[in-house]
Amino acid sequence: MSQQRPKALWGGRFTESTDAFVQAFTASVEFDRRMAREDIQGSIAHATMLAEQGILTETETHIIIDGLRQIEGEIEAGEFSWSITQEDVHMNVESRLIDLIGDTGKKLHTGRSRNDQVATDIRLWLRNTVDRALSELTRLQSGLVAIAEREAETIMPGFTHLQAAQPVTFGHHILAWNEMLERDAGRLIDCRRRMNQCPLGAAALAGTSYPINRERTAELLGFDKPTENSLDSVSDRDFGIEFLSVASIIMMHLSRFSEELINWNSTAWKFVDLPDRFCTGSSIMPQKKNPDVPELVRGKSGRMFGHLIGLLTLMKGQPLAYNKDNQEDKEPLYDAADTLLGSLRAFADMMPSLVVNKKVLKETAICGYSTATDLADYLVRKGLPFREAHEVVGQVVALGVQTKRELYEIDLSELQAFSGLIGADVFSILTVEGSVSARDHLGGTAPVQVKAAAARAKAKLQKR
Ligand code: ARG
């Protein structure tokens, strides 16, 4: 980054040059150059509209667009020389344009301000991030639905309070995650729709005295329409806050999911094996295979929540309209995008290779009196009110605990001592297969329901 300090583009009214520290302190180019492509895209749309409205000549606009494309090429090739004297990405590009094409370049900024320019750039950049996040999310969800189809009959323990509660199918458990991600996708789509309005034309804050066509720039940039109010357009960053809220919810979900994978993969649980290529070893303990990817995703959720609180706090004290405070929106948004896209990608890549240890899952599902509710339901079907059935089964469980036996290991005669309603047919409902198959309704864990739910989930993903 060049440090020489020629006059800034706005230097006209100043009698001394900016203090060197202040220049570095106020500059944003070191980070906002990340939006250079969007900045050029916005400038091309603006210049195109200016010519169509007769504000610039066709020739001037051609020269400007050619210059901008050349700058885009220089940036992509890594040949562009960024300078903090030009403060931010917008002025770096504009001053390079003036170097390249001379006085015509000075006409590009007609009828706009960096305030509507930056508000446009961030929206374009964030819209692209949302699209990328949606496609990674879709990839992850497709992987989960495939696991659900494959493991619709695989039995595992279902937990409440992390205590064995009732057996469920693995496919059902995985589809629970898919539902959360499905809502996340809906939130991303909503957030994109609200952000997809074009602030160009708001200029510094009040609009511009040139006969601009705001519908046209909005259309050229793929926005649904121009924003309604110039003051609001240049000042609020609620679309960024909304994105961070959605991203925080996604990271919260991925963090919970990570926590399960870490438990499932642990030496104590052994429910699943994470693929080696998503784990790392220990520099001292040769036997270790650590679930670093889920651990990192769980950890990264923290910085995402921090960015959300950061941007809310950044916004809350600002009077209308633009204030320099808003320059602080970019680093959190950039980091949020990297964190979100990286975490989604890691999950989408990792999940299809998850190895499910069916034997351990089933053995664990059988333990812990997990079919006690089925026994109570059995007694209810034989005519006992549920509360009484609950009491009877509680006593049977107590016997099992004392004599170290599971329900299906207790003899029929012993069971009948608790209730004369119990017959030999009880043993089929005490199995984990019987338990899951009995929950055969919409949203239940029975394999047939899981297969149908997976098919519905797949159809939704195909329509997205
Ligand atoms: N770098 C600034 C930002 O990120 C661009 C807008 C500056 N506008 C101004 N009037 N100083 O917000």
Side-chain angles (χ1 to χ4, degrees), residues 1-2 5 7-14 17-19 21-43 45-46 68 71 75 80 82-98 108-129 195 198-208 217 221 227 230-241 243-244 307 310-337:
M1 180 111 8
S2 136
R5 301 167 53 218
K7 208 167 154 194
L9 286 177
W10 40 252
R13 62 100 69 213
F14 287 78
S17 56
T18 320
D19 177 271
F21 168 73
V22 170
Q23 187 174 70
F25 187 70
T26 53
S28 55
V29 62
E30 303 235 21
F31 48 87
D32 67 13
R33 50 196 268 201
R34 202 168 152 166
M35 298 189 308
R37 182 177 295 163
E38 288 75 15
D39 193 66
I40 289 172
Q41 202 188 341
S43 289
H46 178 67
L68 288 168
I71 294 170
I75 294 172
F80 189 87
W82 299 98
S83 154
I84 63 157
T85 310
Q86 298 306 341
E87 199 176 310
D88 54 26
V89 61
H90 324 292
M91 291 198 295
N92 268 267
V93 171
E94 190 183 334
S95 83
R96 175 67 183 142
L97 185 70
I98 296 167
L108 170 64
H109 214 51
T110 311
R112 79 170 181 186
S113 149
R114 276 185 295 152
N115 296 353
D116 59 345
Q117 196 179 349
V118 71
T120 305
D121 293 0
I122 315 171
R123 279 174 172 84
L124 288 172
W125 184 86
L126 208 53
R127 186 179 73 186
N128 180 256
T129 302
M195 96 172 52
C198 187
L200 274 186
L205 75 162
T208 172
T217 34
L221 293 170
T227 49
S230 63
L231 295 166
D232 169 50
S233 308
V234 292
S235 63
D236 205 8
R237 296 290 182 263
D238 61 351
F239 60 91
I241 294 173
F243 168 75
L244 290 175
H307 293 324
L311 213 54
L312 281 167
T313 315
L314 172 73
M315 217 50 246
K316 83 175 191 59
Q318 288 192 49
L320 286 171
Y322 177 85
N323 303 284
K324 185 78 164 179
D325 311 41
N326 277 345
Q327 182 164 290
E328 286 289 304
D329 64 353
K330 287 166 206 67
E331 287 160 295
L333 287 172
Y334 297 155
D335 184 68

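All of these numbers come straight from a predicted model, not from anything done at the bench. Just so you know, ligand 1 is whichever comes first in the structure, and atom 1 is the first atom listed for that ligand.
At a threshold of 4.5 Å between non-hydrogen side-chain atoms, the residues Tyr322 and Leu205 do not count as touching. Looking at heavy atoms from C-beta onward, His109 lies in side-chain contact with Arg112 at the 4.5 angstrom threshold.
The protein heavy-atom contact nearest to atom 2 (C) of ligand 1 is Gln327 OE1, 3.3 Å. Arg114 NH2, 3.5 Å is the protein heavy atom nearest to atom 11 (N) of ligand 1. Shortest contact from atom 3 (C) of ligand 1 to any protein heavy atom: Tyr322 OH, 3.2 Å.
Atom-to-atom distance recorded for Asp32:CG and Asp121:CG is 8.5 Å, nearest 0.5 angstrom.
None of Arg237, Met35, Met195 except one satisfies the side-chain contact (heavy atoms from CB on, under 4.5 Å) rule with Leu126; the exception is Met195.
Of the heavy atoms in Gln117, none comes closer than 4.0 Å to ligand 1. With a heavy-atom cut-off of 4.0 Å, Asn115 touches ligand 1 through its side chain alone.
Considering backbone and side-chain N/O atoms, Lys324 never comes within less than 3.5 Å of an N/O atom of ligand 1. Looking at Lys330 next to ligand 1, an N or O pair under 3.5 Å apart turns up. For a threshold of 3.5 Å applied to N or O pairs, the pair formed by Asn326 and ligand 1 contains no separation below that value.
Every atom of ligand 1 is numbered from 1 in the order shown, and the set under 4.0 Å from a heavy atom of Asp88 is 1 (N), 2 (C), 5 (C). Which parts of ligand 1 touch Ser28 is read off a 4.0 Å heavy-atom cut-off, strictly below it: atoms 1 (N).
A salt bridge is absent between Glu38 and Lys330: the closest approach of a Lys/Arg side-chain nitrogen to an acidic carboxylate oxygen does not fall below 4.0 angstrom.
Side-chain N or O atoms of Asp116 include one that pairs as donor or acceptor with a backbone N or O of Ser113 at under 3.5 Å.
Using modelled atom types and a 3.5 Å distance limit, the side chains of Gln327 and Asp88 yield no donor-acceptor pair.
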